[in-house]
Engineer: 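Can you keep this structure in mind? I'll have questions shortly.
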There are 2 protein chains.
Amino acid sequence: MKATIYDVAREAGVSIAAVSQVMNGKGKISEERRAEILKVMEKLNYQPSVIASALTGKKTYTLGLLVPDISNPFFAEIARAVEDQGHNLGYSLVICSTDNKDERVERYLSLLQQKSVDGMIIGTGMDNKEMLTPLMERSIPVVMIAREMPDLAVHTVVVDDFVGGKLAAEHLLKLGHVNMAILAEHTKVTSSRERVRGFMSTLTEAGIQLPEERVRNCRYTVEDGKRQAIELLEKSAAARPTALFCCNDMLAIGALQAAKQLKLRVPEDISVIGFDNTILASVTDPPLTTIAQPIEPMGKHVVDLLILELKKKSQAKQRVVMRPELIIRQSTTVPAK
Amino acid sequence: MKATIYDVAREAGVSIAAVSQVMNGKGKISEERRAEILKVMEKLNYQPSVIASALTGKKTYTLGLLVPDISNPFFAEIARAVEDQGHNLGYSLVICSTDNKDERVERYLSLLQQKSVDGMIIGTGMDNKEMLTPLMERSIPVVMIAREMPDLAVHTVVVDDFVGGKLAAEHLLKLGHVNMAILAEHTKVTSSRERVRGFMSTLTEAGIQLPEERVRNCRYTVEDGKRQAIELLEKSAAARPTALFCCNDMLAIGALQAAKQLKLRVPEDISVIGFDNTILASVTDPPLTTIAQPIEPMGKHVVDLLILELKKKSQAKQRVVMRPELIIRQSTTVPAK
DNA sequence: TTGAAAGCGGTACCAA
DNA sequence: TTGGTACCGCTTTCAA
């Protein structure tokens, strides 16, 4: 069996209060007693129970992370960043893949509460934003990453999606494209909406109009990206776009596959630009030009905000917007004339 | 504040014991009381504290998963499979990325113990296998996935690496290759060793010898795979291998990049075959022929074994070996003559 | 059936 | 300085 505080106390011939004090560095203990207790703890290989300690109102040192799917490289990379910073600060991470289903979100939220996690990091969308209010009422710290719920007072760390869309547009514009299309996510995904908005507004400034049918909403899968891209591209050279802005790397990969299937060369016949700069973007062929999210700093920052909040409650909620960056690889070039 | 069992008891005018009983479906409670209590629980939105319950000796319904790096697609996919099956059975998952560092493994092992997880799933290697014995002594259930420690009595779920290597070799042999090379992982990684062994033994059976310098040990990164592949490939057409067996998809991607840099065409000039069949294999260009591990069934199975063990202790430890499968895509073909 | 009470492993207050 | 002790929220035994 595991040694308990009682075992240590008995073995050291002191009270459990004394043991507790040396663990927490509180109270006054004579040097010799402290040394003796430490020695016994060592000898018994004593590991204090986080469970017991949590029951007395202390923290569980556990955080929950909700993402749509941990097997999706973007969220896996976020998870790693969050895990690392959490670990630095002494916290463990429970992962929760929601598949973007409200029912799963709800289940996980409830589970995490029952397990008394110290805080939650939300990186998943949800239709019903009311789901978070019970948490706030119970003052369980919540922060958001890569997603936002504007009318919720929580710390949020996102990339500047509008600027991201703008960067993509500027890049394509500079290359000389005028005839473009967009593979977007579902319209309820704010980040995607903003990316589209940034992209479109830049086109508009350049005097270019994008017909409505050139903006396709896709599910977050390679397959759907491919399907929609095919619809966009299976036209005569004159009728099809020369460049495709995809709101995430998965969709861009779908676009790449669509091009291949249609025997179109990337980038000569069709330029493709992605978003996120996950590992996927670097292994495709051709490697994907994409808009990078600073995933690691974002994860680190969101954890810092969460820990800050659960230490000293109540402070102005901040919305941290990080700057995206254009990563030029080889999936974009000047349009064929 | 959160409602406690006392709140429910008071509100319902019963003892906390009664409330506890209806929660656990134990003891005898009259139908009316049970209904009343249920109603009050509902009304107060009562959520029992897993922490408190765990302290009384019940489970925490939390599992720990140790992998080298959750941002690596292979392990992210494993994590997802494990998470799903755990979730089905009522367990949450704490992820621990070890970077294959014994020091991190140790830290996480200790942390998970302090948090009283019900069991641990090890998918990471470790140099010092002694690290697990303290767990066994404390009879904390441990199972392994995708890795093994032969002299450890734990349930293990792995793919048949030897057969995997064999499948790869047979495929290349059938295509007509005689001049091959291997990108392996570090020799301390048993799975990689077995893959190499399976591959080599099949070549030997076919009367083909592989010179020692044709087997390169790499770190688990695209970069290192690329570096080593370049060394293998930067020779005259006559002196270089016509096919490369890579012990995981990451290395295979490195090989693809090496070929590209050396202006060799895949598969015409050089065939490349990977291992794992992660999402990466489907997005490269050309798409990677690879040996698939049945990740999802493996994850499911390992969780089942773990749960089984922590329910009814003590049973013969089993080693489940799943069959790998050759997935032919477009990175392999007949050798140029 | 029902409920009083003794833990589980700590924390923290307070008296000695 | 020390240690006794009342919780924390829940489970379980046992007497009523």
Side-chain angles (χ1 to χ4, degrees), chain A residues 1-38 40-41 44-62 110-118 138 140, chain B residues 1-38 40-41 44-62 110-118 138 140:
Chain A
M1 268 328 287
K2 272 189 70 165
T4 72
I5 196 173
Y6 290 95
D7 301 322
V8 176
R10 187 178 340 103
E11 186 79 10
V14 299
S15 74
I16 61 166
V19 179
S20 176
Q21 286 185 22
V22 345
M23 287 197 306
N24 300 291
K26 297 191 172 178
K28 270 82 188 56
I29 304 267
S30 63
E31 248 330 303
E32 36 187 348
R33 283 172 97 66
R34 133 178 259 92
E36 169 65 12
I37 292 174
L38 251 11
V40 173
M41 292 190 352
L44 266 41
N45 193 244
Y46 170 64
Q47 318 220 133
S49 158
V50 174
I51 297 288
S53 148
L55 190 54
T56 72
K58 308 206 68 167
K59 295 188 294 188
T60 53
Y61 290 96
T62 302
S110 159
L111 264 174
L112 292 174
Q113 275 184 77
Q114 296 188 20
K115 297 194 175 168
S116 308
V117 298
D118 295 329
R138 291 175 180 187
I140 296 175
Chain B
M1 268 325 286
K2 271 189 71 164
T4 73
I5 197 173
Y6 290 96
D7 300 322
V8 176
R10 187 178 340 102
E11 186 79 11
V14 299
S15 74
I16 61 168
V19 179
S20 174
Q21 287 183 21
V22 344
M23 286 196 305
N24 299 292
K26 296 192 171 176
K28 272 83 188 56
I29 303 268
S30 62
E31 248 331 301
E32 34 187 347
R33 283 172 93 69
R34 130 177 261 92
E36 169 64 12
I37 291 174
L38 251 11
V40 173
M41 293 192 345
L44 266 41
N45 192 244
Y46 170 65
Q47 317 221 132
S49 157
V50 174
I51 296 288
S53 148
L55 190 55
T56 73
K58 309 205 67 168
K59 294 189 295 187
T60 53
Y61 289 97
T62 302
S110 159
L111 264 173
L112 291 175
Q113 275 185 76
Q114 295 186 181
K115 296 194 175 167
S116 308
V117 298
D118 296 329
R138 291 177 180 185
I140 297 176

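What you see is a predicted model, and the numbers here were worked out from it, not measured in a lab.
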Engineer: For A:A18 and for B:V50, locate the closest nucleotide of DNA chain D by heavy-atom distance; then report the residue assigned to the nucleotide nearer the 5' terminus.
Structural biologist: A:A18
Engineer: How long is the straight-line distance from OG1 of B:T62 back to CD1 of A:I51, given to the nearest 0.5 Å?
Structural biologist: 7.5 Å
Engineer: Atom NZ of A:K28 to atom C1' of C:dA12: distance rounded to whole Å?
Structural biologist: 15 Å
Engineer: Looking only at side-chain atoms of A:S49, point me to the closest of D:dT11, D:dG3, C:dG9.
Structural biologist: C:dG9
Engineer: CD1 of A:I29 versus P of D:dG3: gap in Å, rounded?
Structural biologist: 8 Å
Engineer: Rounding to a whole Å, what distance do you find between B:K58:NZ and D:dG9:C1'?
Structural biologist: 13 Å
Engineer: Is there a side-chain polar atom (N or O) of B:T4 under 4.0 Å from OP1 or OP2 of D:dG9?
Structural biologist: no
Engineer: So which heavy atom on A:Y6 is nearest to which on A:I16, and how close?
Structural biologist: CD2-CG2, 3.5 Å
Engineer: B:I51 CD1 to D:dC7 C1': how many Å, rounded?
Structural biologist: 17 Å
Engineer: Output the rounded distance in Å from CD (B:Q21) to C1' (D:dT12).
Structural biologist: 9 Å
Engineer: With DNA chain C as reference, determine whether B:T56 or B:S30 sits nearer its 5' end, using the nearest nucleotide of each.
Structural biologist: B:S30
Engineer: Report the C-alpha distance between A:R33 and A:Q21 in whole Å, list the side-chain angles of each, state the deciding distance to 0.1 Å, and finish with yes or no for side chain to side chain contact (heavy atoms under 4.5 Å, CB included).
Structural biologist: CA-CA 11 Å; A:R33 283 172 97 66; A:Q21 286 185 22; over 6 Å; no
Engineer: If I take atom CD1 in residue B:I5 and atom C1' in nucleotide D:dT11, what distance separates them, rounded to the nearest angstrom?
Structural biologist: 8 Å
Engineer: Pick base, sugar-phosphate or nothing for A:V14, based on heavy-atom distances below 4.0 Å to the nucleic acid.
Structural biologist: sugar-phosphate
Engineer: What's the NZ-P distance between A:K115 and D:dC10, to the nearest Å?
Structural biologist: 15 Å
Engineer: It should be established whether B:K26 places a side-chain nitrogen or oxygen under 4.0 Å from OP1 or OP2 of nucleotide D:dT11.
Structural biologist: no
Engineer: Taking only N and O in the side chain of B:S15, is any of them less than 4.0 Å away from OP1 or OP2 of C:dA4?
Structural biologist: no
Engineer: Hey, is the side chain of B:R33 poking within less than 4.0 Å of OP1 or OP2 on C:dT2, counting only N and O atoms?
Structural biologist: yes
Engineer: Just N and O in the side chain of A:Y46: are any of them under 4.0 Å from OP1 or OP2 of C:dG10?
Structural biologist: yes
Engineer: Taking atom P of C:dG9 as reference, at what distance in whole Å does atom CD1 of A:I16 sit?
Structural biologist: 11 Å
Engineer: Just verifying a value: how many Å separate B:L44 CG and B:E11 CD, rounded to the nearest 0.5 Å?
Structural biologist: 5.5 Å
Engineer: Out of D:dC10, C:dT11, C:dC8, which nucleotide sits closest to the side chain of A:S53?
Structural biologist: C:dT11
Engineer: When only distance counts, do a donor and an acceptor, one from the side chain of A:Y6 and one from the base of C:dC8, lie under 3.5 Å apart?
Structural biologist: no
Engineer: So, does B:T60 use its side chain to make a donor-acceptor pair with the main chain of B:S116 at under 3.5 Å?
Structural biologist: yes
